[in-house]
Trainee: 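Next up is a structure, given as structure tokens.
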Amino acid sequence: LGLRDVLFGRRKLAEPKEDQLFALTTAAVTMQTELGLKTAGAAAIAFKPQSSGEFRSAFDDIDKLVDAVAQSSGSEIERKSDEFGFDWIVVRDDDLEDLVGAAHTLASELTAQGFGSQLLAALFKFDGGEHPVYWIYGFKRGAFWPFVPVGDQKRDNALELELKAKLEKELPVEQDLTRWLALFDAPV
Amino acid sequence: MRRRFSTRDAGLSIRMAVTLALVLALYASILAGLAAVYWVSLKWGAVATLLAFIVVVTAFGHITGAAEFLLRRSGARPMRDDPRLVASVLRLSQLADVPTPALYAIDSPGPNAFTVSTRRGRSNIVLTTALMTALEPHELDAVIAHELSHVANHDAAVMTYASVPRTVGETMIGEPGMVSILWVAVWWIGIPLWAIGSLLTLTLSRYREYAADRGSALLTGRPESLASALQKLDGAGHAIPNADLRGTARLEALCIVSSGGTRWSLLRDHPPLEKRLARLGAMAREQGRPVGA
């Protein structure tokens, strides 16, 4: 963020940074060996749809592309929307690389069509502990943060901090803890 | 692949030793000052010794008396109604090999914990009610283990001795009421004594905090529990939010300045949260414990 943006007000939303996504596939090895966590075979990408026809027609093309990519890798695709007004694309595949690939395809296509700023986050689910563990990828910051919901609007901060400590050498982890926002009741 | 983190942090020990040596040097400079007065005049030397003695005794009185006063005035009440907590303190203190401290609770909206050592060498751990509601049981254990480490490391005594030059300096600057002509003579000696003494005491205090953090992680075997407790207690809004990303997404565009402000850490008696979390994170990595095990 430059000085000019501060002085004159920032007019544009931040463009997504999807290039750090693939770090998750290498970090998955450490997660498996050191923490006993493995992919739950599910990921979800959240974005804010626009009502403009321009967005609709662009998104139809992207939707078809995502379907084509999913078909070639054997993933299942599901679409959902939530009470916050966000749309979700849920991807199910036992291979983490395919999940990351799907998130990356969607992000780079939306960006190419000029709607990259509508992307919110990608969510990757891992199993193996007492509770499911999520890694949230914030497209605005290009960083991951851990999210371990335990029951009603509560999260296991200790486990989240342990995940950060053990994986921040190989995963770009958001360092500002106040930005570790939750995604309760996500569709995966 | 289970490794244990080492019980000692060599770098920290060295820095602590250097700081303590500097405190001793400060003590020595007080003695040297007295010797210098003797050299000028025997009679004034005796007067200066007597004054120094009074100042040191009142300084000690201030420091040790304050603890008991604090405990009585704060409205702390003995805590016996929480069997889990009482059992936990018993177990942790046996593990730390220190006499089991008494537990006190204070009604306070600010989450905090501290240890008060009374004159008979008994230590008391005081927890605020806000702390007990804000933390999970394992996080509360980590906070208690941190306080127990302060007890095991004799931090109250160490900090008392270390802060004598500072308190002496403070007394020399701050109490002109004694003998005003003498005050004019000594206040300019008091200022460097107070300034250097304060700097050393605060530095030492931060080091002792790191040591107690390490002690807590060793006692509970879970550095991440203390890390989690610390980020919940830090007043600067560092806590991991419970708010939903979708609910606050619109604020993102307004977030111009990163919330990670700079603070002048030299004048703080506790180390900044980021540094404490970084150290605990390093311990968690060393430990290599499987999640949930």
Side-chain angles (χ1 to χ4, degrees), chain A residues 1 5-6 9-14 31 33-37 46 48 82-86 117 120-121 123 126 128-131 133 136 138 140-141 145-148 150 153-169 175-186, chain B residues 1-3 134-139 141-142 217 220 222-232 234 236-261 273-274 277-293:
Chain A
L1 188 70
D5 296 334
V6 178
R10 202 166 155 196
R11 295 186 190 96
K12 267 171 57 185
L13 287 163
M31 260 193 280
T33 53
E34 287 245 359
L35 300 153
L37 293 171
K48 188 91 176 164
D82 63 23
E83 74 267 36
F84 290 93
F86 281 86
S117 62
L120 181 69
L123 186 70
F126 291 84
E130 198 183 333
H131 299 280
V133 165
I136 298 175
K140 308 280 181 199
R141 306 268 293 173
W145 64 90
F147 174 52
V148 186
V150 285
Q153 302 287 306
K154 273 180 79 178
R155 50 198 292 192
D156 185 346
N157 290 159
L159 180 51
E160 289 166 356
L161 287 164
E162 186 181 1
L163 284 160
K164 170 183 186 279
K166 289 186 177 165
L167 288 158
E168 64 190 344
K169 298 275 180 212
Q175 293 296 313
D176 183 354
L177 301 187
T178 59
R179 291 180 182 269
W180 287 16
L181 287 154
L183 279 174
F184 288 110
D185 312 314
Chain B
M1 200 166 84
R2 268 182 205 216
R3 285 162 292 168
L135 298 187
E136 300 290 322
H138 67 97
E139 292 166 342
D141 284 356
T220 61
R222 296 185 49 138
E224 64 277 5
S225 291
L226 184 65
S228 176
L230 288 177
Q231 62 86 18
K232 284 184 182 174
D234 195 78
H238 274 272
I240 298 173
N242 256 346
D244 201 281
L245 178 63
R246 290 158 290 181
T248 50
R250 262 167 295 155
L251 288 177
E252 189 83 37
L254 286 173
C255 250
I256 290 176
V257 185
S258 144
S259 56
L273 177 74
E274 300 79 27
L277 291 192
R279 276 165 190 258
L280 289 166
M283 290 183 82
R285 271 197 296 282
E286 267 179 70
Q287 200 182 22
R289 189 178 59 82
V291 167

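In the text below, chain A, chain B and the rest are named by the order of the sequence lines, each starting its count at 1. Heavy atoms only: backbone and side chains are in, while hydrogens, waters and symmetry mates are out.
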Trainee: Taking all atoms of both residues into account, what is the closest heavy-atom pair of Ala158(A) and Ser228(B), and its distance?
Mentor: N-OG, 3.3 Å
Trainee: Using the side chain to side chain contact (heavy atoms under 4.5 Å, CB included) criterion, which residues pair with Asp82(A)? Sequence neighbours excluded.
Mentor: Phe84(A), Phe86(A), Trp88(A), Arg246(B)
Trainee: Find the distance between NZ (Lys154(A)) and CD (Glu136(B)) and round it off to the nearest 0.5 Å.
Mentor: 4.0 Å
Trainee: Examine whether an atom of Glu160(A) lies under 4.5 Å from a heavy atom of chain B, and if so say whether it belongs to the side chain, the backbone or both; otherwise answer neither.
Mentor: side chain
Trainee: Do Leu177(A) and Leu277(B) touch side chain to side chain, with heavy atoms closer than 4.5 Å?
Mentor: yes
Trainee: Are the side chains of Arg285(B) and Glu168(A) in contact, using a 4.5 Å heavy-atom criterion?
Mentor: yes
Trainee: Is it the case that the side chain of Asn242(B) and the backbone of Ala182(A) share a donor-acceptor pair, with hydrogens and angles ignored and the cut-off at 3.5 Å?
Mentor: no
Trainee: Could you measure the distance from the CZ atom of Arg222(B) to the CD atom of Glu162(A)? Nearest 0.5 Å is fine.
Mentor: 7.0 Å
Trainee: State, to 0.1 Å, how close Ala284(B) and Ala165(A) come at their nearest heavy-atom pair, and which atoms those are.
Mentor: CB-CB, 4.0 Å
Trainee: What I'd like to find out is whether the side chain of Leu181(A) reaches to under 4.5 Å of the side chain of Asp244(B), using heavy atoms alone.
Mentor: no
Trainee: Asp141(B): what forms a side-chain hydrogen bond (donor to acceptor under 3.5 Å, both in side chains) with it, not counting sequence neighbours?
Mentor: Arg84(B), Ser88(B)
Trainee: Can you tell if the side chain of Trp145(A) reaches within under 4.5 Å of the side chain of Leu245(B), non-hydrogen atoms only?
Mentor: yes
Trainee: Using every non-hydrogen atom in the two residues, find where Glu224(B) and Leu161(A) come nearest and quote the distance to one decimal.
Mentor: O-CD1, 4.5 Å
